[in-house]
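Report on one structure; see the data block that follows.
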Amino acid sequence: MSEFRRLIPIFPLPNGVLLPGAIQGLHIFEPRYRRMIQDEVQNPAGDRWVAVACLKKGYEPHYCSHHAPIHSTLCIGQMIRSEVLDDGRINILLKGKCRAGVISEEHDRPYRRGYLRACATVNELKPEEEARLRVDLAREVSQVPDHLTSVASGILADEADL
């Protein structure tokens with residue numbers, strides 16, 4: 001998997017995620033995250049990245065620190081637009097590029113930054129790796145109670161019609 005060759009800012013959210021291919025608008029109002037965006041827009045337009053991480057349950061006591069627990073997989077987004085408002089708040093648009101994992105973090109700024117490694121997607125797997133993952137998934141699904149499996153199947157069928 002590829003690694004990003006520089007530190008990428010990490011924006012943790014309590015209830016939000018970014019998905020590869022999706023475009024997500026964010027309203028940046030906390031001073032530390034305003035600084036994050038101001039620092040990132042100093043890079044050339046094609047090299048402005050922000051990773052969106054979902055905070056784990058119990059993050060609240062550590063929210064204002066670099067130690068609020070995040071899930072191990074996040075999504076790296078490319079900043080495709082930013083707008084600074086009169087009062088200093090910033091609106092940005094991120095386009096999700098890839099899922100990634102954190103290799104290490106640096107704590108030299110008021111916001112989190114990390115060295116990240118892109119995760120493989122099914123399209124990048126060798127056929128035998130994909131087959132192994134499908135067997136693992138089938139085994140896990142077989143452990144789910146029948147009433148939950150039928151609910152999940154219905155949701156998936158509804159989404160397929162969209």
Side-chain angles (χ1 to χ4, degrees), residues 1-28 30 32-33 36-37 39-60 62-63 65-82 92-144 148-149 151-153 155-160 162:
M1 294 305 96
S2 64
E3 292 180 27
F4 283 74
R5 299 289 180 211
R6 69 173 181 86
L7 289 161
I8 304 295
I10 299 172
F11 187 58
L13 293 172
N15 295 311
V17 295
L18 177 64
L19 299 173
I23 294 180
Q24 178 70 49
L26 296 171
H27 180 72
I28 311 299
E30 285 188 51
R32 61 185 165 155
Y33 297 123
M36 176 183 75
I37 300 304
D39 289 350
E40 201 59 21
V41 297
Q42 300 304 311
N43 295 320
D47 192 30
R48 297 176 182 165
W49 304 100
V50 175
V52 177
C54 190
L55 289 161
K56 286 185 176 180
K57 185 176 180 179
Y59 72 88
E60 294 86 355
H62 307 287
Y63 179 70
S65 75
H66 291 95
H67 305 291
I70 58 174
H71 288 275
S72 60
T73 302
L74 44 72
C75 183
I76 300 173
Q78 184 174 34
M79 193 183 324
I80 57 175
R81 184 167 297 157
S82 64
I92 64 171
L93 283 179
L94 294 178
K95 181 172 184 180
K97 289 296 182 180
C98 64
R99 294 178 326 131
V102 179
I103 298 169
S104 65
E105 285 190 50
E106 295 289 325
H107 303 287
D108 59 337
R109 306 231 171 132
Y111 55 89
R112 296 168 93 146
R113 297 187 310 154
Y115 288 106
L116 309 176
R117 177 178 296 129
C119 298
T121 65
V122 173
N123 296 337
E124 297 168 335
L125 295 175
K126 295 177 183 170
E128 60 273 9
E129 293 172 313
E130 181 181 347
R132 182 182 45 78
L133 285 175
R134 289 180 183 278
V135 168
D136 291 347
L137 178 60
R139 183 174 42 252
E140 292 298 323
V141 169
S142 72
Q143 302 300 313
V144 176
L148 293 178
T149 305
V151 169
S153 296
I155 291 169
L156 291 172
D158 289 343
E159 290 181 7
L162 295 178

Return all side-chain donor-acceptor pairs below 3.5 angstrom for residues 67-81, not counting sequence neighbours, or 'none' if the list is empty.
unit_1 : atom_1 : unit_2 : atom_2 : d
Gln78  : NE2    : Gly46  : O      : 2.9

Pairing donors with acceptors under 3.5 angstrom, does anything connect the side chains of Asn43 and Glu40? yes
I need the Cys98 SG to Leu18 CG distance, nearest 0.5 Å. 10.0 Å
What I'd like to find out is whether the side chain of Ile10 reaches to under 4.5 Å of the side chain of Met36, using heavy atoms alone. no
Please give me the minimum heavy-atom distance between Glu105 and His107, naming the atom from each residue. OE1-CE1, 3.6 Å
With heavy-atom distances below 4.5 Å as the criterion, would you say the side chains of Leu13 and Val52 are in contact? yes
Can you check whether Asp108 reaches Arg113 side chain to side chain, under 4.5 Å on heavy atoms? yes
Can you tell if the side chain of Leu7 reaches within under 4.5 Å of the side chain of Tyr115, non-hydrogen atoms only? yes
Using every non-hydrogen atom in the two residues, find where Cys119 and Gly101 come nearest and quote the distance to one decimal. SG-N, 3.9 Å
Rounded distance (nearest 0.5 Å) linking atom CZ of Arg112 with atom CZ of Arg32: 9.0 Å
Heavy-atom side-chain contact between Leu93 and Gln24 under 4.5 Å: no
Closest non-hydrogen atom pair between Leu116 and Ala51, with its separation: CD1-CB, 3.7 Å
What I'd like to find out is whether the side chain of Arg6 reaches to under 4.5 Å of the side chain of Trp49, using heavy atoms alone. yes
Decide yes or no for Lys97 and Pro20: does some side-chain heavy atom of the first lie under 4.5 Å from some side-chain heavy atom of the second? no
Check whether more than 12 heavy atoms from other residues, nucleotides or ligands sit under 6.0 Å from atom NZ of Lys95, and answer yes or no. no
Closest approach of Val41 and Ser82, non-hydrogen atoms and distance? CG1-OG, 3.8 Å
For Tyr33, all residues meeting ring pair (Phe, Tyr, Trp, His ring centres under 6.0 Å), sequence neighbours excluded: Phe11
Measuring only between side-chain heavy atoms, which start at C-beta, is Leu55 closer than 4.5 Å to Tyr63? yes
